[in-house]
Number of protein chains: 2
Amino acid sequence: MNQEGQTRIQREKRELILEAALDVFSVQGFRGATVDQIALAAGMSKPNLLYYFPNKEAIHHQLMERLLDTWLQPLEHMNPLGDPIAEITAYVQRKLEMARDYPRESRIFANEILRGAKQIMDLIEGELKELVDKQAGVMRGWIERGQMADVDPYHLIFSIWATTQHYSDFDAQVRAVLGPERNGNERFEGASRYLDRLYRKMLAPDAG
Amino acid sequence: MNQEGQTRIQREKRELILEAALDVFSVQGFRGATVDQIALAAGMSKPNLLYYFPNKEAIHHQLMERLLDTWLQPLEHMNPLGDPIAEITAYVQRKLEMARDYPRESRIFANEILRGAKQIMDLIEGELKELVDKQAGVMRGWIERGQMADVDPYHLIFSIWATTQHYSDFDAQVRAVLGPERNGNERFEGASRYLDRLYRKMLAPDAG
DNA sequence: CTAACATTTTTCCAATTGGTCAAATTTTGA
DNA sequence: TCAAAATTTGACCAATTGGAAAAATGTTAG
């Protein structure tokens with residue numbers, strides 16, 4: 001036994017299980033994923049897995065809790081003292097990189113929110129909403145000082161989430177529509193150029 | 001017996017089942033939905049339902065096939081002879097109205113594509129891709145004639161889908177973040193103003 | 001009216017799956 | 001070293017669920 005009531009094996013195995021769960025849940029969704037699949041992916045038997053987590057829902061919930069932090073990190077890094085357009089387009093790029101590099105995480109969230117976000121409503125109404133409120137305040141400051149166009153910060157943030165995560169969540173559609181010839185990573189390069197353009201033009205302060 | 005090998009009762013009951021399936025699938029997803037739930041929602045017994053459809057997948061597939069048409073309709077209505085900015089912002093508004101008025105349809109698609117779109121890949125690679133290709137061609141024409149900014153038509157279409165459907169697919173998150181005070185239909189009015197602004201500014205032809 | 005056909009219900013089954021339990025094995029600390 | 005604690009396994013169970021079969025009931029055309 002050790003600090004926080006966790007043994008070394010417990011820490012390692014829980015980690016292993018959450019990594020496996022990320023794989024399975026992101027492909028199968030919550031209902032579609034079976035405890036057996038997760039156990040197999042984690043290299044252990046089902047009862048063994050259930051020794052570490054009381055049930056399937058607990059795995060999912062803890063996974064989401066942990067992911068939310070990484071997921072929100074780019075938004076935290078917006079600097080109120082920086083140039084708004086540089087800050088926001090940098091945020092867009094960081095989100096797009098995450099969609100490219102962490103599609104499993106993105107899909108798990110999409111899945112959960114599609115289903116009504118019942119398991120993580122507390123996190124959304126808490127942590128997430130507070131961060132959005134804070135950064136919306138920062139943007140309002142920029143707008144008042146005439147440094148960027150006067151647009152609703154909340155809808156701006158929604159549109160950034162939507163446009164970037166689209167490339168992970170709806171990857172199957174994007175690939176199919178672009179066709180095999182445009183299916184390397186240039187799909188993300190194209191998105192990068194397009195989104196940079198989009199937000200740069202929209203955020204440019206209006207004359208007057 | 002009647003035309004197309006369908007009796008009156010068959011036509012009516014199939015319709016009833018598809019409407020019920022829309023309700024159930026859009027809330028529970030494919031894996032989460034049970035045949036019993038759909039049968040109950042359609043006001044009949046499970047074996048009775050299975051008299052009309054061979055299995056659960058068949059219901060889902062036919063539902064999607066039928067929905068795709070309505071879903072793509074707004075994109076078909078873009079007029080190559082009209083003003084690009086008017087045409088595209090009108091398209092955005094129509095898509096946003098559909099997200100507001102037909103959230104079940106939107107969520108079913110989102111769910112299916114998230115899962116890899118295996119059941120409707122044929123439709124996406126066929127019907128959908130062809131329409132997108134065609135309208136991308138129209139946009140390229142507009143761009144060449146200097147009537148709108150030079151942006152990638154495919155990514156433009158993706159961003160329109162993403163930003164509008166966000167309000168149905170991720171409704172739970174949008175509501176939670178906006179908080180109870182902004183939760184009437186003004187959430188769609190705000191989105192409408194924001195998106196109109198967004199695309200108007202981005203599409204404005206560049207000087208030169 | 002009635003035979004052919006369409007629809008519905010009752011009953012049932014096999015597979016899947018989340019989870020339990022007690023026994024066996026391994027690890028750890030004194 | 002060795003007993004207590006932690007971990008793992010195998011066997012098992014009950015609930016859910018997709019679907020089949022056949023009997024019962026309803027409908028319709030001649």
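Values in this document were obtained by computation on a predicted structure and should not be read as measured data. First the proteins, then the strands, lettered A, B, ... as listed; each starts at 1.
In this structure, A/Tyr52 places its OH atom 8 Å from C1' of D/dA6, rounding to the nearest Å. Between the CG atom of B/Leu16 and the P atom of C/dT7 there is a distance of 14 Å, given to the nearest Å. Separating the CG atom of B/Asn48 from the P atom of C/dT7 is a distance of 10 Å, rounded to the nearest angstrom. For the pair B/Lys13 NZ and C/dA6 C1', the computed distance is 11 Å after rounding to whole Å. In this structure, A/Ile9 atom CD1 and D/dT7 atom P are separated by 5 Å, rounded to whole Å. The interatomic distance linking A/Glu12 (CD) with C/dT27 (P) rounds to 12 Å, in whole Å. Regarding A/Tyr51, its OH atom lies at a distance of 13 Å from the C1' atom of C/dT25, rounded to whole Å. Look at CZ on B/Phe53: it is 13 Å from P on C/dT7, rounded to the nearest Å.
Contact check, A/Arg8 against C/dT28: a side-chain N or O comes under 4.0 Å of OP1 or OP2. Within the 4.0 Å cut-off from OP1 or OP2 of D/dT7, at least one side-chain nitrogen or oxygen of A/Thr7 is found. Proximity of A/Gln10 to the phosphate of D/dT7: a side-chain N or O atom is located under 4.0 Å from OP1 or OP2.
For the pair A/Arg187 and A/Tyr167, the cation-pi test (distance below 6.0 Å, angle within 45°) is failed. The cationic atom of B/Arg115 (NZ for Lys, CZ for Arg) does not lie both less than 6.0 Å from the six-membered ring centre of B/Phe30 and within 45° of the ring axis.
The 12-atom threshold is exceeded at CZ of A/Phe188, counting heavy atoms of other residues, nucleotides or ligands nearer than 6.0 Å. By the neighbour-count criterion of 12 heavy atoms within 6.0 Å, atom OH of B/Tyr52 is densely surrounded, having more than that number from other residues, nucleotides or ligands.
When A/Val132, A/Asp133, A/Leu131 are each tested for a side-chain contact (heavy atoms from CB on, under 4.5 Å) with A/Gln135, only one passes: A/Leu131.
Between A/Arg175 and B/Glu125 no salt bridge is recorded (no basic side-chain N to carboxylate O distance below 4.0 Å).
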Take nucleotides 13-24 of chain D nucleotide by nucleotide from the 5' end and write B, S or -, depending on whether a protein heavy atom sits under 4.0 Å from the base, only from the sugar-phosphate, or from neither.
----SBBBB---
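Looking only at atom types and distance, the side chain of A/Tyr199 has a donor-acceptor partner in the side chain of A/Thr163 under 3.5 Å away.
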